[in-house]
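In this text, all values refer to a predicted model and were calculated from it rather than measured experimentally.
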Amino acid sequence: VQLQASGGGLVQAGGSLRLSCVASGGSFSSLVVAWFRQGPGKEREFVARIIWSGVRTYYADFVKGRFTISRDNAKNTVYLQMDSLKPEDTAVYYCAAGYRDTQSNDYYNFWGRGTEVTVSS
């Protein structure tokens with residue numbers, strides 16, 4: 001499975017961005033797809049995940065109510081809609097896929113290249 005993330009950019013605080021993660025080269029029906037991020041000088045952290053074949057979604061507390069993860073099966077794409085962005089959301093965002101429903105990045109087998117998000121104050 002290959003993952004391609006896109007959609008990052010520079011935005012002012014309070015603004016919005018939508019990240020996309022396109023999957024190819026495999027079967028996706030049993031996958032869990034997640035977004036992680038790594039800010040400057042910080043550890044990589046879980047942001048949100050979605051079960052590909054279902055409707056369950058999970059979020060880190062610091063993005064609840066602001067970010068929404070969704071998927072379009074027809075396009076093999078998972079989205080991360082980010083609203084009310086804050087300067088502390090500045091990070092490189094990665095999409096990842098695996099077969100375990102977890103927020104631990106240790107269990108994600110497939111990773112896309114990151115897309116950079118910068119939120120100015």
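Within the structure, salt bridge (Lys or Arg N to Asp or Glu O under 4.0 Å) pairs that include any residue of residues 95-120 comprise R49-D101, R56-D101 (at least two apart or interchain). Listed by first and then second residue, the ring-ring contact (aromatic ring centres under 6.0 Å, His included) pairs that reach into residues 56-108 are F36-Y108, sequence neighbours excluded. Each salt bridge (Lys or Arg N to Asp or Glu O under 4.0 Å) pair with one or both residues in residues 87-97, not counting sequence neighbours, appears once here: R37-D89, R66-D89.
Across every non-hydrogen atom of S121 and A13, the tightest pair is CA-CB, 4.3 Å. Between G8 and V117, the shortest heavy-atom distance links the atoms CA-CG2, 4.0 Å. In this structure, S120 and L10 approach most closely via the heavy-atom pair CB-CD1, 4.4 Å.
Atom CG of residue D83 and atom CZ of residue R18 lie 11.5 Å apart, to the nearest 0.5 angstrom. We find the OG-CG distance between S24 and N76 to be 8.0 Å, quoted to the nearest 0.5 Å. To the nearest 0.5 Å, the span separating OG on S20 from CD on Q4 amounts to 10.5 Å. The OG1 atom of T68 lies 11.0 Å from the CE atom of M82; values are rounded to the nearest 0.5 Å. To the nearest 0.5 Å, atoms CZ (F110) and SG (C95) are separated by 12.5 Å.
Residues meeting the side chain to side chain donor-acceptor pair (under 3.5 Å) test with K64, sequence neighbours left out: D61. Taking N109 as the reference, nothing meets the side chain to side chain donor-acceptor pair (under 3.5 Å) condition, with sequence neighbours excluded. For T102, the side chain to side chain donor-acceptor pair (under 3.5 Å) criterion is met by no residue, not counting sequence neighbours.
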Test log, rule side-chain contact (heavy atoms from CB on, under 4.5 Å), inputs I69 and V78: CA-CA 7 Å; I69 190 170; V78 170; 3.8 Å; yes
Stepwise side-chain contact (heavy atoms from CB on, under 4.5 Å) check, V22 with L3: CA-CA 6 Å; V22 180; L3 303 174; over 6 Å; no
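Looking only at atom types and distance, the side chain of T77 has no donor-acceptor partner in the side chain of D72 under 3.5 Å away.
Side-chain contact between V92 and T115 is absent, with no heavy-atom pair separated by less than 4.5 Å. In this structure, S16 and Q81 have side chains that are in contact, with non-hydrogen atoms separated by less than 4.5 Å.
For the pair R71 and W35, the cation does not sit on the ring face, since its NZ or CZ is not both under 6.0 Å from the ring centre and inside 45° of the axis.
When atom types are taken as modelled, the side chain of T90 and the backbone of T118 share no donor-acceptor pair closer than 3.5 angstrom.
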